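Accompanying notes for the structure given below.
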Amino acid sequence: MKIITIDAAKVKSKAGLYKFIAKRLNFEPDYITNLDALYDALTERNDAEFIIENGQILKDKFGEFYEILLSVFIDSGVKFSVKNS
């Protein structure tokens, strides 16, 4: 299983987050451009586990998007955890 760590302190934009995830899942950087595409990518490459570090920063930065992002992880069945440091 591939472990992908997202350090929320380094995330500058939603587009940057999508590109980071796409690259780590071995897709072209522009493959994931929205939450629907993220769901598709996660279900297609479901052999990854995500660790979101500094999750509170991501929540503070993106608000409701953060909650929807977690829902996409849950709905896709991907393993993930959130760490608040």
Side-chain angles (χ1 to χ4, degrees):
M1 177 161 297
K2 184 176 192 174
I3 297 176
I4 299 170
T5 302
I6 299 169
D7 183 351
K10 295 180 180 178
V11 175
K12 304 294 182 211
S13 67
K14 294 174 192 174
L17 177 62
Y18 292 141
K19 286 183 181 189
F20 175 85
I21 294 171
K23 286 181 185 179
R24 296 308 179 278
L25 293 176
N26 298 318
F27 287 108
E28 293 295 318
D30 294 328
Y31 182 79
I32 301 172
T33 58
N34 57 47
L35 291 165
D36 288 331
L38 175 61
Y39 175 85
D40 292 343
L42 293 174
T43 56
E44 185 174 328
R45 306 265 167 87
N46 58 5
D47 61 340
E49 178 179 347
F50 288 83
I51 300 170
I52 302 172
E53 293 182 345
N54 302 305
Q56 187 63 45
I57 293 172
L58 201 62
K59 184 175 184 178
D60 293 345
K61 194 179 295 185
F62 295 120
E64 184 180 4
F65 172 81
Y66 172 79
E67 301 299 331
I68 298 169
L69 176 68
L70 296 184
S71 293
V72 169
F73 281 129
I74 292 167
D75 292 347
S76 71
V78 73
K79 292 182 181 181
F80 76 97
S81 61
V82 177
K83 296 180 181 178
N84 293 304
S85 316

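This is a predicted model, so every value here is computed, not measured. Just so it is clear, the values below take in all heavy atoms, side chains as well, and ignore hydrogens, waters and symmetry mates. If you read the sequence from its start, that first residue is 1, and numbering goes on from there.
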Qualifying residues under salt bridge (Lys or Arg N to Asp or Glu O under 4.0 Å), relative to E67, sequence neighbours excluded: K59

Distance, nearest 0.5 Å, that separates CD1 of I52 from CD1 of I4: 11.0 Å

Residue list, salt bridge (Lys or Arg N to Asp or Glu O under 4.0 Å) with D7, at least two apart or on another chain: none

Acceptor/donor pairs from residues 25-35 side chains to any protein atom, 3.5 angstrom cut, sequence neighbours excluded:
{"unit_1": "N34", "atom_1": "OD1", "unit_2": "D36", "atom_2": "N", "d": "3.0"}
{"unit_1": "N34", "atom_1": "OD1", "unit_2": "A37", "atom_2": "N", "d": "2.8"}

Rounded distance (nearest 0.5 Å) linking atom CZ of F65 with atom OG of S71: 11.0 Å

Test side-chain contact (heavy atoms from CB on, under 4.5 Å) applied to A8 - qualifying residues, sequence neighbours left out: N54, I57, L58

Sequence neighbours excluded - salt bridge (Lys or Arg N to Asp or Glu O under 4.0 Å) pairs with any residue from residues 9-18: none

Set of residues satisfying side-chain contact (heavy atoms from CB on, under 4.5 Å) with respect to F80, sequence neighbours excluded: F50, L70, F73, I74, V82

K61 NZ: over 12 foreign heavy atoms closer than 6.0 Å: yes

Full working for side chain to side chain contact (heavy atoms under 4.5 Å, CB included) between K2 and R45: CA-CA 10 Å; K2 184 176 192 174; R45 306 265 167 87; over 6 Å; no

Contacts of type side-chain hydrogen bond (donor to acceptor under 3.5 Å, both in side chains), residue N46, not counting sequence neighbours: none

S81: side-chain contact (heavy atoms from CB on, under 4.5 Å) partners, not counting sequence neighbours: I51

Heavy-atom closest pair, residues A48 and V78: O-CG2, 3.1 Å

Residue list, side-chain hydrogen bond (donor to acceptor under 3.5 Å, both in side chains) with E44, at least two apart or on another chain: none

Step-by-step side chain to side chain contact (heavy atoms under 4.5 Å, CB included) determination, L69 to L38: CA-CA 9 Å; L69 176 68; L38 175 61; 3.4 Å; yes

Distance-minimising heavy-atom pair for F20 and I6: CE2-CG1, 3.7 Å

